[in-house]
Undergrad: 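One structure, pasted below without further comment.
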Protein chains: 2
Amino acid sequence: MNTFARSSYISIKDIAKAAGVSHATVSRALQSSSLVKPETAQRIREIAQRFGYRPNFVGRSLATQRTQTIGVVVNAIADPIVAEMVSGVEAVARAHDYSVYLANCHADPETEMRVVQSFHERRVDGILVAASRVGALYEPIAAQMRTPIILINNQHPSSYKYSVNINSIPGSREAVGHLVALGHRDIAYIGDRFGYQTDLDRFSGYRQALELAGIAAREEWIVHGDGKLEGGTLAMRKLLDLPALPSAVFCYNDMTAIGALRVIHEHSLRVPQDISLAGFDDLFLASYTEPPLTTVRQPKHEMGRMATEILLRILAGEDSDARTEVKGELIVRASTAPPRA
Amino acid sequence: MNTFARSSYISIKDIAKAAGVSHATVSRALQSSSLVKPETAQRIREIAQRFGYRPNFVGRSLATQRTQTIGVVVNAIADPIVAEMVSGVEAVARAHDYSVYLANCHADPETEMRVVQSFHERRVDGILVAASRVGALYEPIAAQMRTPIILINNQHPSSYKYSVNINSIPGSREAVGHLVALGHRDIAYIGDRFGYQTDLDRFSGYRQALELAGIAAREEWIVHGDGKLEGGTLAMRKLLDLPALPSAVFCYNDMTAIGALRVIHEHSLRVPQDISLAGFDDLFLASYTEPPLTTVRQPKHEMGRMATEILLRILAGEDSDARTEVKGELIVRASTAPPRA
DNA sequence: ATGAAAGCGCTAACAG
DNA sequence: CTGTTAGCGCTTTCAT
């Protein structure tokens, strides 16, 4: 046994007794209700203070049917994009006196739904899911739980009522357009795994940019990594094994690009002199690679913030579809340059 | 108004009525208590299933005086070290059916304590604080709240009963010893801000290694950043402005080292040919800098895991001081080499 | 094996 | 302005 055994804490009843009032009056006084005589309220507050009273939110939650809590489910807590988003979520949540539950689902749709269920059992007021693999399938679930669910970067090919997504198409079109403008015509794409929505979008932007420039896409220059550094290295190796090398590579994301960069260096090729390289996301990291990476900035923190604000608005009783879309901003750095003549 | 208005959910009473039993029996059946006839239990579970019953943890928490929740307070969610630790925490928490609250305190001791208070009001079963600025001052607080608090990398110069800390001294001594072994005698140190415990320890390891080698420390080669990349750049600039340059630099952490690396490159100096560089932490990133960084590995994920296990053990009623200490492991990569002759 | 009843800490409707 | 009462959903004696 240790010193943390549960015994009962001081409750409003205790301070009611001490103040010679009913516990209801104490409750009112502590909520600064105008229904209680200022002097009484003051006295009660002093006693509470003296007793070291700390309200019990569990009791309150049971009475009010609200927990002032939101649940956030993510694919990988340590992923820098995710961490930034969560940071945005936490900031606005705390500013509004909400606490946030954080849980990992490892990109597994079943786990994702299990976590959502567990949040519901804890009666969170609302749920945020980043990079959901479930998407619009949540609509009936959310309705049944009577708990709003907001998606951030929905990865399921479905349009969900409440979501904050980055529209990657213009961003990647712009990035590839930038390569074209530099004079590149041999541009490869390293994607994520098949089927994820953002990968499809970024690939689509890539194709649009090529089409716009009247360049035919070449099958062998479209390869796939896994969205992580390792996948980028593997994919880039595949590219470098080809008889005909591209002069530029647009990557699904910065992590992929960093992996590719490494492999390019291993082959004693230089960026951007031999190969231009562009990514997507603008990780903190991207400005500190050698050379700094041209990329498309994804407003991670803001997206977390926005999603939380939408949720709070819904909880406040407003109802409006909120399919918010943000765009990426092209950031040109030193990893892209005109191709060699 | 929207569709998420609260009305009441199905409770054990509803299913009790439907099953023609008391709600106590339902409660028992749902907990698979042996006190209820198997057939009855089965029938109840089926009805619950059919009704789509979801237990309400708020009610349960009020009755059991436990929330199966732990609170985690960190300095910066998006800090890669923090994110890794939280990831370790979440993994073991979830494996034991605990949920985790995550909150940011921005390295401010007052906010840190406010968050701890707010966790207590929500009656979390236990609290984890990473890089606490409050340290042993929690002892009375935790006792009064009757809620265990575990510290991870306590930054307050005090020894706290329950903590998981990295002992940075041997690690940094080894890192600097490695530089000495390579033949360096002119070794600088870029620290964090003054007064943080880990900085003091790492500096101490640096000094010990120099002493061991009979090298006198030089004041002007001891400079301070802020633990972040920017601080590393500023500090390194200061170093490069000196009339006599060190041949090696040991940095408080990897982020500082990455900042330093950048400035060294800006000055057209090469690592490790002109200057050797070592960091601390072994961020994911550290193996992907140019050149890959020699550093001391901090077992971030494990530390989160260990702290949570200690907490769970305390919650299970065991009591034992648990000042766990982990050590860093020197990882030699390409950023360190013998000095030029 | 089951039910009745009390209680966890709080809010809120109602009565005065 | 304040007290009484009921109730939020659940667990847990105590009877039977």
Side-chain angles (χ1 to χ4, degrees), chain A residues 5-45 47-48 51-69 120-125 145-146, chain B residues 5-45 47-48 51-69 120-125 145-146:
Chain A
R6 285 286 187 268
S7 66
S8 73
Y9 296 94
I10 308 165
S11 76
I12 51 173
K13 278 190 194 167
D14 300 312
I15 82 166
K17 204 174 299 169
V21 296
S22 75
H23 73 276
T25 303
V26 174
S27 172
R28 292 186 191 109
L30 264 25
Q31 301 174 62
S32 313
S33 158
S34 58
L35 296 173
V36 48
K37 182 155 58 164
E39 299 91 81
T40 321
Q42 184 54 30
R43 190 161 51 86
I44 291 175
R45 268 184 248 110
I47 297 179
F51 278 33
Y53 169 76
R54 289 285 127 200
N56 181 330
F57 273 60
V58 180
R60 174 184 307 193
S61 293
L62 191 58
T64 59
Q65 300 289 84
R66 289 183 127 253
T67 54
Q68 291 285 118
T69 297
H120 171 55
E121 294 181 351
R122 299 182 116 94
R123 295 299 186 268
V124 298
D125 295 339
M145 301 190 316
R146 293 193 224 92
Chain B
R6 284 285 187 268
S7 66
S8 72
Y9 296 94
I10 309 168
S11 76
I12 51 172
K13 280 189 193 167
D14 300 312
I15 82 168
K17 205 174 299 168
V21 296
S22 75
H23 71 276
T25 303
V26 175
S27 172
R28 293 185 190 108
L30 264 25
Q31 302 174 63
S32 312
S33 157
S34 58
L35 296 173
V36 49
K37 184 156 55 167
E39 298 91 83
T40 321
Q42 185 53 31
R43 191 162 48 87
I44 291 176
R45 268 184 248 111
I47 297 181
F51 278 34
Y53 169 76
R54 288 286 128 198
N56 181 329
F57 273 60
V58 179
R60 172 182 305 190
S61 294
L62 191 58
T64 59
Q65 300 289 87
R66 288 184 127 254
T67 53
Q68 291 286 117
T69 297
H120 171 54
E121 294 181 351
R122 300 182 115 94
R123 295 300 186 269
V124 297
D125 295 339
M145 300 190 316
R146 292 194 225 93

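Numbers restart at 1 for each chain; the letters A, B, ... are given by sequence-line order, proteins then strands.
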Undergrad: Assess whether side-chain contact (heavy atoms from CB on, under 4.5 Å) is satisfied between B:I47 and B:Y53, documenting all intermediate values.
TA: CA-CA 8 Å; B:I47 297 181; B:Y53 169 76; over 6 Å; no

Undergrad: For residues B:A29 and B:A41, report the shortest heavy-atom separation together with the two atoms involved.
TA: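 So the minimum-distance heavy-atom pair works out to CB-CA, 3.9 Å.
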
Undergrad: To the nearest Å, how far apart are B:I15 CD1 and D:dC10 C1'?
TA: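 After rounding, the gap between these two atoms is 12 Å.
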
Undergrad: Rounded to whole Å, how long is the line connecting atom CD1 of A:I10 with atom C1' of C:dC8?
TA: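 So the two atoms are 16 Å apart, to the nearest Å.
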
Undergrad: For C:dG9, does OP1 or OP2 lie under 4.0 Å from any side-chain N or O of A:R60?
TA: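 For C:dG9, neither OP1 nor OP2 has a side-chain N or O of A:R60 closer than 4.0 Å.
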
Undergrad: Measure the distance from CD on A:E121 to C1' on D:dG9 and round it to the nearest whole Å.
TA: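 Rounding to the nearest Å, CD of A:E121 and C1' of D:dG9 are 13 Å apart.
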
Undergrad: Describe, as an angle rounded to 10 degrees, how the axis at the first end of the helix from C:dA1-D:dT16 to C:dG16-D:dC1 is tilted relative to the axis at the last end, five pairs per end.
TA: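 The angle separating the two end axes equals 40°.
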
Undergrad: What's B:S27 touching, base or sugar-phosphate or nothing? Going by heavy atoms closer than 4.0 Å.
TA: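 Base: the residue B:S27, judged by heavy atoms under 4.0 Å, touches a nucleobase.
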
Undergrad: Mind listing the closest non-hydrogen atom pair of B:A19 and B:I44 along with its distance?
TA: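 Heavy atoms of B:A19 and B:I44 come nearest at CB-CG1, 4.2 Å.
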
Undergrad: Mind checking whether A:I15 and A:L30 have side chains closer than 4.5 Å, heavy atoms only?
TA: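 Contact flag for A:I15/A:L30 side chains = yes.
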
Undergrad: Roughly, in whole Å, what's the span from CZ in A:R66 to P in C:dA12?
TA: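 After rounding, the reported distance stands at 12 Å.
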
Undergrad: What are the two closest non-hydrogen atoms of B:I10 and B:D14, and how far apart are they?
TA: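 Here B:I10 and B:D14 meet closest at CA-OD2, 3.3 Å.
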
Undergrad: Nearest whole Å is fine: how far is C:dT11 C1' from A:Q68 CD?
TA: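 In whole Å, C:dT11 C1' lies 14 Å from A:Q68 CD.
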
Undergrad: Roughly how many Å is it from CD in B:Q31 to P in D:dT12, rounded to a whole number?
TA: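 So the CD-P distance, B:Q31 to D:dT12, works out to 6 Å.
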
Undergrad: Are B:N56 and A:R123 close enough, and set up right, to give a side-chain contact (heavy atoms from CB on, under 4.5 Å), and what steps lead you there?
TA: CA-CA 7 Å; B:N56 181 329; A:R123 295 299 186 268; 3.7 Å; yes

Undergrad: Return the minimal non-hydrogen interatomic distance between A:T69 and B:R122, and the atom names on each side.
TA: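 Where A:T69 meets B:R122 most closely, the heavy atoms are OG1-NH2, 3.2 Å.
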
Undergrad: Looking at B:Q42 and B:P38, would you say the former's side chain and the latter's main chain have a donor-acceptor pair under 3.5 Å?
TA: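 No; zero donor-acceptor contacts below 3.5 Å.
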
Undergrad: Which whole-number value in Å describes the distance from B:F57 CZ to D:dC10 C1'?
TA: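 Going from B:F57 (CZ) to D:dC10 (C1'), I get 11 Å.
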
Undergrad: Validate the cation-pi geometry between A:R54 and A:Y9: distance from NZ or CZ to the six-membered ring centre under 6.0 Å, angle to the ring axis within 45°.
TA: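 Not flagged: A:R54 not positioned over aromatic ring of A:Y9.
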
Undergrad: How does protein contact run along nucleotides 1-8 of chain D, one letter per nucleotide 5' to 3', with B for base contact, S for sugar-phosphate only, - for none, heavy atoms under 4.0 Å?
TA: BBBBBBBB

Undergrad: Please confirm whether the shortest side-chain N or O distance from A:Y53 to OP1 or OP2 of C:dC10 is below 4.0 Å.
TA: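 For C:dC10, OP1/OP2 do have a side-chain N/O of A:Y53 under 4.0 Å.
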
Undergrad: To the nearest angstrom, how far is B:I12 atom CD1 from D:dT12 atom P?
TA: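 Taking atom P of D:dT12 as the reference, CD1 of B:I12 is at 12 Å.
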
